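Shown next, in structure tokens, is the structure this report addresses.
Note that the structure is predicted; figures quoted are calculated from it, not measured.
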Number of protein chains: 2
Amino acid sequence: MSDEPSKGRAPSIRDVARLAGVSHQTVSRVLNHHPSIRPETKQRVLDVMAEVQYQPNRAARALVTSRSHTIGILSSQSTQYGPASSITAIEAAAREAGYWVSTANIDASDDRSIADGLAHLVAQGVEGLVVIAPQARVFDTLAQRSIDVPYVSLQSTGQDPDHTLSVDQIAGARLATRHLIELGHRNIYHLTGPQDWIEAEARMRGFLEEMSASDVPTTAPILGDWTADFGYYAGRELLTVRDFTAIFSSNDQMALGLMHAIRDAGLEIPRDVSIVGFDDIPEAAHFWPPLTTVRQDFAELGRRCVALLLGSDAGAPEPRDAIVPELVVRSSTGRPAF
Amino acid sequence: MSDEPSKGRAPSIRDVARLAGVSHQTVSRVLNHHPSIRPETKQRVLDVMAEVQYQPNRAARALVTSRSHTIGILSSQSTQYGPASSITAIEAAAREAGYWVSTANIDASDDRSIADGLAHLVAQGVEGLVVIAPQARVFDTLAQRSIDVPYVSLQSTGQDPDHTLSVDQIAGARLATRHLIELGHRNIYHLTGPQDWIEAEARMRGFLEEMSASDVPTTAPILGDWTADFGYYAGRELLTVRDFTAIFSSNDQMALGLMHAIRDAGLEIPRDVSIVGFDDIPEAAHFWPPLTTVRQDFAELGRRCVALLLGSDAGAPEPRDAIVPELVVRSSTGRPAF
DNA sequence: ATGAGGCGTGTGACCGTGCACATGCCCGCA
DNA sequence: TGCGGGCATGTGCACGGTCACACGCCTCAT
């Protein structure tokens, strides 16, 4: 019965075609900017589209083209500053390139959750995959499923350079460590992130490398979990012995907890203990004292990430060198007391 | 030519059907847990599915059902702790309900960006929409487009209660303010968030309400921007006069900046100035001194959010009362010096 | 015995888009 | 004059699911 009115569903190209007096294919051509269309025809179609508020159906298009114009992000811990910043940066860069982003937050300690998240993104037809989850497990699952989607991992594993992109965590950690050594510290502890975070491991490696390169005796790193709470308790624990003059923390939050514990013990920073963090979260400049830390350029990371993903089609020779982070010296570090 | 091998495309229900010796419809029934299927037939189909690693094509399903099983989140400032936590909580709750989440980060100061983000989510066929962006603008666009998708805003506007869900920011702000008043403070400043954030406005209103309810003379609030940097500069500015004994900051980051400025001026917290924040970010307990603040239950918020969105179908009588936040008293507040 | 009805399954259409191919027209060149 | 070729447009099918309906078979009440 109903000939022109929409019957509950949104208008399709066929509705537009009928109203404009052309074939559905012509409408499709207008949508895809096909060159061979008479300007007046094109205009007529565009007018009708505007009139009926036509919106292309993404599902239908994805169905036939198998393309979604979407990049998937597999992420865990997305409330953390690092991952959150990366996501935002990637989103911005993707938008720039005309792509959209779909995020799946996973519990990286749960294989099932990883597989589900991955399946979700793949089922959505993402054309690229960014993994911001730490676990090697994720890569296993990825390989196992013989994913045919280009992917990038935002971690510095060192291995598998084709799929890895990152701030050079090792270099950053060496920067931080060298800074402490140059100030004269010899008894330096390192507080790591969770052992299954590849980033955490890289920072630890950087620490150890720089220590031995400078012939400073190394102490065993303390395994942390990124949280300020942990930093606090670790600090209390360490202070029962107090055989150090500086601590390099794997992120700023733990550094904050450490400083809390140190002050609680009646000590002063940096007079009694020097502290270096990692990340340079926006708050770090306002810690007490303002934190010396290592800054990562997340925006640049996001940009390169998208370029790498999308460029693999175009074969663009994207610079794949790791981004070198930068040491930001503030007031939480100084020469040891003696 | 090729009869069984996959021809580049992923296997479809028809491939599975052929291999299992049934019709494609039977496969579909297995997928949808149709009751009338002989167990052995079902098993055979499931076996084939596992064998060929069958994955239902989401686009195809969405095309015919017009359902995506996806909830859209329109968000700005998603690196902020509040929004990020909300997103994570919503995602968790949605997954619980068998839904997925698609996020669109927008620049809330740009109408075009808002419209684009909205269009993106709608085009994706989201079945519900959560808006975590502050601007009234977003709602205008929403109304203007006569969106037929149920939506919820995570802001306490007070108006339009059907589409609003939030922590009761006003109550939280009153809690914080009353705490200061009860300690004996009379000269209290308030540092707000950006004026176009509805949450910021609500907290300001709570502050003003409590002040006048307690007959304390009110000072004009200071317009902030959520950042610790701003808190620092605002603090420096305020200290040139120093006509106050307490400050209630609209979030924890600005409180951190304030404390930085106060210490820089050689003053002590809370002896000389008391500080209250808002959010209870995980780091707040380790600020110096540990911050008295207002805690919001984001997980609960996310849960209710999803329930409200999905429940509107089922007609479930979901509690729509605002979630009442909780005051966490730590060491940044105390009685005024005299 | 017969018809109603449920169960397990198959057939064909349809969702909205893009692609391959066909069509008619006009232009230019041999 | 005939024909190749580009332009503007149309026709029909494919994509991978779901839905409405049909079909045999068996059971059970009439």
Is a donor on one side and an acceptor on the other found under 3.5 Å between the side chain of B:Thr26 and the backbone of B:Val22? no
Does A:Arg14 or A:Lys42 map to a spot on DNA chain D nearer the 5' end, using the closest nucleotide for each? A:Lys42
Only one of A:Leu121, A:Leu310, A:Val126 forms a side-chain contact (heavy atoms from CB on, under 4.5 Å) with A:Ile71, so which one is it? A:Leu310
Between A:Arg61 and C:dG18, does any side-chain N or O lie under 4.0 Å from OP1 or OP2? yes
In whole angstroms, how far is the P atom of D:dA8 from the NE2 atom of A:His33? 16 Å
Mind checking what makes salt bridge (Lys or Arg N to Asp or Glu O under 4.0 Å) contact with A:Glu300, not counting sequence neighbours? A:Arg303, A:Arg304
The helix from C:dA1-D:dT30 to C:dA30-D:dT1: angle between end helix axes, five pairs per end, rounded to 10 degrees: 60°
Rounded to the nearest Å, what distance is computed from the CE atom of residue A:Met49 to the C1' atom of nucleotide C:dT17? 12 Å
Select base, sugar-phosphate, or nothing to describe what A:Thr41 touches, counting heavy atoms under 4.0 Å on all strands. sugar-phosphate
If you round to the nearest 0.5 Å, how far is OG1 of A:Thr70 from CG of A:Leu129? 12.0 Å
Atom CG of A:Asn32 to atom P of C:dC19: distance rounded to whole Å? 7 Å
The correct set of residues in residues 20-31 of chain A placing a heavy atom under 4.0 Å from DNA chain C is A:His24, A:Gln25, A:Ser28
Straight-line distance of B:Tyr151 OH to B:Leu308 CG, nearest 0.5 Å: 11.5 Å
Flag the pair A:Arg18 and A:Asp15 as a salt bridge only when some basic side-chain nitrogen lies within less than 4.0 angstrom of an acidic carboxylate oxygen. yes
5'-most contact on DNA chain C (nearest-nucleotide basis), B:Pro35 vs B:Ala60, goes to B:Pro35
Straight-line distance of B:Ser28 OG to B:Arg61 CZ, nearest 0.5 Å: 7.5 Å
Determine, stepwise, if the pair A:Tyr81 / A:Gln296 fulfils side-chain contact (heavy atoms from CB on, under 4.5 Å). CA-CA 11 Å; A:Tyr81 175 74; A:Gln296 315 192 48; over 6 Å; no
Rounded to the Å, how far apart are B:His34 NE2 and C:dT9 P? 10 Å
Can you measure B:Arg67 atom CZ to D:dT18 atom C1' for me and round it to whole angstrom units? 13 Å
Just call it for B:Ile37: base, sugar-phosphate, or nothing, with non-hydrogen atoms closer than 4.0 Å on any strand. sugar-phosphate
Whether the side chain of A:Asn57 engages the backbone of A:Ala59 through a donor-acceptor N/O pair (distance < 3.5 Å, no angle test) should be reported. yes
For B:Arg38 and C:dG8, is the shortest distance between a side-chain N/O and OP1 or OP2 below 4.0 Å? no
Let's see if you can work this out: which of D:dG16, C:dG8, C:dT17 has an atom nearest to the side-chain heavy atoms of B:Asn57? D:dG16
Could a donor-acceptor pair under 3.5 angstrom be found where the side chain of B:Arg58 meets the base of D:dG17? no
For B:Leu63 and C:dG18, what is the distance between atoms CG and P respectively, to the nearest whole Å? 12 Å
